[in-house]
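Just so we're on the same page: letters track the sequence lines, and every chain starts at 1.
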Amino acid sequence: MAADPVSALAESLGSEVVLERPGEATHGDYATNAALRLAGTRRKPPRELALELAAQAESLPAVERAEVAGPGFVNLFLGDAWFVDALSVMLDQGVAFGADSAAERLKIQVEMVSANPTGPLHVAHGRNGAYGDSVARLLEFAGHDVSREYYYNDSGGQMERFRASVDAVRRGEEPPEDGYRGDYIRDLAAKPGDPVPEMLHRIEETLERFRVHFDTWERQSVVERRLPELLPKLDTYEKDGALWARSSAYGDDEDRVLLRSEDRSPTYRAADVPYLVEKMDAGFGRAIYVLGADHHGTRNWYAAVARMLGYDPERIEVLLYQLVHLTKGGEQARMSRRRGDIVFLDDFLDEIGVDAGRWYLVSRGPDQTIEIDVDLAAERSQKNPVYYVQYAHARIAGILRNAEGAAGAVTLAEPLAPEERELVKRLAEFPEVVRDATERRGPQAIPAYAIRVADDFHRFYHEHRVLESEQEAFRLALCRATQSVIARSLQLVGVDAPERM
RNA sequence: GCGCCCGUAGCUCAGGGGACAGAGCGGCGGACUUCUAAUCCGCGGGUCGGAGGUUCGAAUCCUCCCGGGCGCGCCA
């Protein structure tokens with residue numbers, strides 16, 4: 001793992017020391033509560049430990065002074081030299097800054113979206129993609145070998161109704177009562193043959209536009225072929241003429257039907273079994289399922305299947321995200337393109353753009369229900385903070401265009417200004433922010449952080465001239481590092497970093 | 001009834017044990033002869049749903065209650 005400046009400073013104070021940025025300037029550049037945490041186990045008063053730690057800190061060249069405050073916080077005030085060093089380290093690491101935090105490099109599959117191809121993707125699928133893909137990007141950045149898969153049902157009741165609906169329109173009839181309707185059905189009916197591949201093709205186009213690229217596509221009918229050989233390996237029983245999996249004995253909330261009583265045909269849940277085996281056989285150290293909250297009832301099913309078959313359940317991970325509620329003027333929006341509601345993902349993207357769309361959908365934590373008022377979405381999107389962040393990136397690009405010559409050494413001509421110190425510290429947070437977002441599967445931390453970086457940069461920019469200033473060498477370096485961190489942050493959530501705006 | 005998620009500023013939401021709780025939007029008032037004003041600065045705004053508990057310290061962890069969302073199919 002590449003050592004980042006803050007971790008390095010913390011480690012020089014002891015392995016238990018974690019540094020954080022205090023909210024107030026009078027509390028120093030960094031602070032640690034290590035004395036408070038260790039007071040119990042060390043059987044010493046926190047203030048005493050804090051004094052020892054402060055003395056130790058002051059012996060470090062980077063530390064100008066250390067103060068003990070409150071119940072036992074140690075506040076560190078750093079000299080300019082530390083900021084120069086920190087910036088140099090970031091620039092030396094370049095694109096690797098904050099990367100490769102994984103303790104163990106894993107082969108990981110992220111299966112997401114997986115909407116059945118009975119119609120265009122809507123905004124909720126967009127959330128699945130924005131969330132799942134951002135998690136995948138974070139995992140890749142951490143050093144894992146990630147592959148994205150789309151799994152869909154190409155047989156069964158839903159698909160039959162879908163095909164029947166298209167066929168009906170082709171015959172000039174109305175789709176059946178329980179069928180699918182809408183303009184897209186008419187479009188599909190205009191082309192001969194099975195509408196499923198065409199529907200899937202359109203879905204893929206939407207996803208590519210949304211910058212979610214799938215490495216593999218898997219379908220239920222293929223997966224199901226291995227079901228007969230696997231059924232005997234499961235813990236099952238017969239009841240009411242159906243075959244049940246005794247999944248509740250393996251950590252699931254309930255038992256599940258595998259073969260229907262009516263015709264002994266496999267349920268969707270049954271297909272999960274060979275599908276999971278396929279993932280395990282493929283050697284994924286971690287198989288991630290990205291599911292909407294409406295599927296949370298099955299979150300324990302997958303690991304139960306793994307246990308039943310003797311696989312390590314740790315290899316299974318289910319990520320849940322809450323739903324997207326669409327409203328129009330305060331009322332539940334209908335999913336009708338005809339009415340002009342922005343519910344299909346493509347319409348949503350037409351309306352607000354891919355950058356604002358991805359940003360918006362990934363900015364909310366997965367546990368938060370997203371409320372979108374379709375009347376306000378387009379209007380609000382112009383005020384999306386994504387542009388604030390992109391603008392910082394474009395501003396830097398402008399400076400660097402005007403700067404002549406390659407990067408020199410990071411040198412200091414005069415004492416650092418507060419805005420410069422704040423910006424360096426902000427950039428230095430990046431590795432920890434990314435690590436935390438990755439481990440918690442919480443990509444929403446990245447946009448929140450990127451706003452802070454842009455914030456600090458815009459303030460710096462407003463106060464200080466970069467080119468042809470005494471401090472040009474340092475400030476150019478600061479600009480390069482800032483641009484790099486913003487570009488990486490945006491990339492991690494699938495947003496473009498423009499050179500000009 | 002049971003399970004999962006949520007309740008933080010007028011609105012949309014960050015923050016998931018640390019020091020007086022943050023941002024954006026909205027409102028009001030300022031700042032461009034300078035590398036992009038899609039920017040910056042200031043003002044106003046909160047019983048962090050409620051009550052107990054754990055802790056030196058709780059918006060954050062635990063319990064209960066109140067409100068809202070979603071599940072509890074031989075649909076997917």
Side-chain angles (χ1 to χ4, degrees), chain A residues 20 22-24 26-27 31-33 36-37 39-40 45-47 69-73 75 114-116 118 152-153 156-159 161 220 239-244 253-254 256-272 292-300 320-323 325 360 363-373 376 379-380 382-392 394-403 436 440 442 444-445 447-449 451-452 454-455 457-469 472 475-476 479 500-501:
Chain A
E20 51 190 38
E24 203 181 313
T26 60
H27 293 148
T32 181
N33 61 2
L36 289 161
R37 307 191 77 91
R47 294 276 305 187
F73 292 102
N75 298 329
S114 296
N116 284 341
T118 56
Y152 63 98
N153 183 200
Q158 264 197 21
M159 299 313 298
R161 281 195 291 281
Q220 189 179 333
K239 193 180 92 180
D240 302 332
L243 184 72
W244 293 69
D253 303 15
E254 58 191 2
R256 314 274 178 178
V257 172
L258 298 173
L259 299 179
R260 296 184 176 91
S261 56
E262 192 178 324
D263 55 2
R264 306 294 284 181
S265 64
T267 61
Y268 184 79
R269 290 275 80 85
D272 288 336
D294 52 339
H295 291 81
H296 84 259
T298 59
R299 77 187 182 288
N300 294 324
L320 292 168
Y321 61 91
Q322 296 300 311
L323 303 181
H325 284 155
Y360 187 83
S363 292
R364 274 70 178 163
D367 289 337
Q368 194 73 235
T369 303
I370 292 183
E371 305 280 352
I372 299 178
D373 188 320
L376 294 178
E379 183 190 327
R380 288 258 173 91
Q382 289 156 12
K383 289 154 187 164
N384 192 308
V386 73
Y387 301 119
Y388 180 79
V389 176
Q390 288 183 320
Y391 185 55
R395 266 185 154 176
I396 296 170
I399 295 171
L400 297 181
R401 269 195 302 276
N402 293 331
D436 193 52
R440 288 171 40 188
Q444 75 278 6
Y449 168 74
I451 290 173
R452 295 283 79 78
D455 217 12
F457 174 76
H458 285 309
R459 197 170 297 120
F460 157 77
Y461 179 92
H462 190 261
E463 289 298 319
H464 306 286
R465 173 120 194 133
V466 174
L467 299 176
E468 289 155 23
S469 69
E472 181 176 303
R475 288 179 185 160
L476 269 177
C479 283
R500 296 172 198 270
M501 284 178 76

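- Figure legend: cation-pi geometry between A:R395 and A:Y461, with NZ or CZ positioned under 6.0 Å from the six-membered ring centre and within 45° of its axis.
- Whole-Å rounding puts the A:D367 CG to B:rU60 C1' distance at 14 Å.
- Contact between the side-chain N/O atoms of A:K383 and the OP1/OP2 oxygens of B:rG26 is found at a separation under 4.0 Å.
- Within the nucleic acid shown, A:E468 has no heavy atom closer than 4.0 Å to any nucleic acid atom.
- Considering only side-chain N and O atoms, A:R260 lies nowhere under 4.0 angstrom from the phosphate OP1 or OP2 of B:rG73.
- When each of A:G365 and A:V466 is assigned the nucleotide of RNA chain B with its nearest heavy atom, A:G365 is the one assigned upstream, toward the 5' end.
- Under the Watson-Crick or G-U wobble criterion, with both distances below 3.5 Å, B:rU34 is left unpaired in every strand shown.
- With distances taken from any side-chain atom of A:H458 to the nucleotides B:rC13, B:rC40, B:rC74, the minimum falls on B:rC40.
- Where A:A31 and A:Q322 each meet RNA chain B at their nearest nucleotide, the meeting point lying more 5' is that of A:Q322.
- Below the 3.5 angstrom threshold, one finds a donor paired with an acceptor across the side chain of A:N75 and the base of B:rA19.
- Taking the P atom of each, B:rA51 and B:rG17 are spaced 22 Å apart, rounded to whole Å.
- Distance from the side chain of A:R299 is smallest for B:rG3 among the nucleotides B:rC70, B:rA76, B:rG3.
- Rounding to whole angstrom units, CD of residue A:E463 and P of B:rA37 are separated by 14 Å.
- Comparing B:rC70, B:rC40, B:rC13 by their nearest atom to the side chain of A:R364 picks out B:rC13.
- Across all strands shown, B:rA9 has no partner, as no Watson-Crick or G-U wobble contact with both distances under 3.5 Å is found.
- Spacing between B:rG26 and B:rC43 at atom C1', rounded to whole Å, works out to 15 Å.
- Across the protein-nucleic acid pair, A:Y461 atom OH and B:rC35 atom P stand 7 Å apart, rounded to whole Å.
- With a 3.5 Å ceiling on both atom-pair distances, B:rA14 lacks any Watson-Crick or G-U wobble partner.
- Nearest nucleotide to the side chain of A:D294, out of B:rC40, B:rU12, B:rG71: B:rG71.
- You'll find a donor-acceptor pair under 3.5 Å spanning the side chain of A:N33 and the base of B:rG18, going by distance alone.
- With its glycosidic angle within 90° of 0, B:rC32 adopts the syn conformation.
- Between A:H464 and A:S469 there is no side-chain heavy-atom pair separated by less than 4.5 Å.
- Under the Watson-Crick or G-U wobble criterion, with both distances below 3.5 Å, B:rC43 is paired with B:rG27.
- A:K383 has its side chain out of reach of A:R380: every pair of non-hydrogen atoms, C-beta onward, lies at least 4.5 Å apart.
- Contact check, A:Y321 against B:rG69: no side-chain N or O comes under 4.0 Å of OP1 or OP2.
- Within 4.0 Å of A:L467, counting heavy atoms only, lies at least one base atom of the nucleic acid.
- Distances shorter than 4.0 Å separate none of the side-chain N or O atoms of A:Q368 from OP1 or OP2 on B:rU12.
- Applying the 4.0 Å criterion to OP1 and OP2 of B:rC74, one finds that A:Y268 has every side-chain N and O outside that range.
- Separating the CD1 atom of A:I370 from the C1' atom of B:rA14 is a distance of 13 Å, rounded to the nearest angstrom.
- For A:R440, whose side chain is taken as the heavy atoms from C-beta onward, the closest listed nucleotide among B:rA23, B:rC11, B:rG16 is B:rG16.
- Nearest to the side chain of A:H295, among B:rA23, B:rA76, B:rU12, sits B:rA76.
- The aromatic ring of A:F73 sits over the base of B:rA19, with ring centres less than 5.5 Å apart and planes tilted by under 30°.
- For B:rA37, the base has no donor-acceptor partner in the side chain of A:H462 [N/O atoms by modelled type, under 3.5 angstrom].
- One P atom belongs to B:rG7, the other to B:rC13, and the distance between them is 10 Å to the nearest Å.
- For the pair A:Y321/A:R364, no side-chain contact is recorded, criterion being any heavy-atom separation below 4.5 Å from C-beta on.
- By the 5.5 Å and 30° criteria, A:H27 is stacked with the base of B:rA19.
- Of the candidate nucleotides B:rC74, B:rC40, B:rG69, B:rG69 has the atom nearest to the side chain of A:H325.
- Within 4.0 Å (heavy atoms only), A:A242 reaches at least one base atom of the nucleic acid.
- Among the heavy atoms of the strands lying under 4.0 Å from A:R465 is at least one base atom, whether or not backbone atoms are also near.
- Taking the side chain as every heavy atom from C-beta outward, A:R401 and A:R500 approach each other to under 4.5 Å.
- Going from atom CG of A:L258 over to atom P of B:rA76 covers 12 Å, rounded to whole Å.
- Side-chain contact between A:D253 and A:T298 is absent, with no heavy atoms from C-beta onward closer than 4.5 Å.
- Nucleic acid contact class of A:A448 (heavy atoms, under 4.0 Å, all strands): sugar-phosphate only.
- Taking atom P on both nucleotides, B:rG18 is separated from B:rA59 by 10 Å, rounded to a whole Å.
- For the P atoms, the distance from B:rG3 to B:rC64 is 9 Å, rounded to whole Å.
- Residues A:L320 and A:D367 have side chains not in contact (no heavy-atom distance under 4.5 Å, counting atoms from C-beta outward).
- Dashed line: the shortest gap from a side-chain N or O of A:Q382 to OP1 or OP2 of B:rC25 is not under 4.0 Å.
- Side-chain proximity of A:D455 to the nucleotides B:rC35, B:rC11, B:rC40 is greatest for B:rC40.
- In this model, the phosphate group of B:rG73 is not approached by any side-chain N or O of A:R269 to a distance below 4.0 Å at OP1 or OP2.
- Here A:H296 does not count as stacked on B:rG71, because the ring centres are not under 5.5 angstrom apart with planes under 30°.
- Counting non-hydrogen atoms of other residues, nucleotides and ligands closer than 6.0 Å to CZ of A:R260 gives a total above 12.
- Base pairing analysis places B:rC64 opposite B:rG50; the two distances defining the Watson-Crick or G-U wobble pair are each below 3.5 Å.
- Of the P atoms belonging to B:rA19 and B:rA58, the separation is 11 Å, rounded to the nearest Å.
- Base-pair partner of B:rA21: not found among the strands shown (Watson-Crick or G-U wobble, both distances under 3.5 Å).
- A:N384 comes within contact range of no nucleotide atom at all, as no heavy-atom separation falls under 4.0 Å.
- Contact detail for A:R269 and A:V257: the closest heavy-atom pair is CB-O, 4.1 Å.
- A donor N or O paired with an acceptor N or O is not found under 3.5 Å between the base of B:rC6 and the side-chain atoms of A:T369.
- Between B:rU54 and B:rG69, the two C1' atoms lie 30 Å apart (nearest whole Å).
- B:rC70 and B:rA23: their C1' atoms are spaced 29 Å apart (whole Å).
- Across the strands present, B:rC72 finds its partner in B:rG1; the criterion is a Watson-Crick or G-U wobble pair with both atom distances under 3.5 angstrom.
- Glycosidic conformation, B:rG29: anti, with the torsion outside 90° of 0.
- Using a 4.0 Å heavy-atom cutoff across all strands shown, A:G398 reaches sugar-phosphate atoms only and no base atom.
- As rounded to whole Å, 15 Å separates atom C1' of B:rU12 from atom CD of A:Q444.
- Side-chain contact, A:N116 with A:T118: no donor N or O sits under 3.5 Å from an acceptor N or O.
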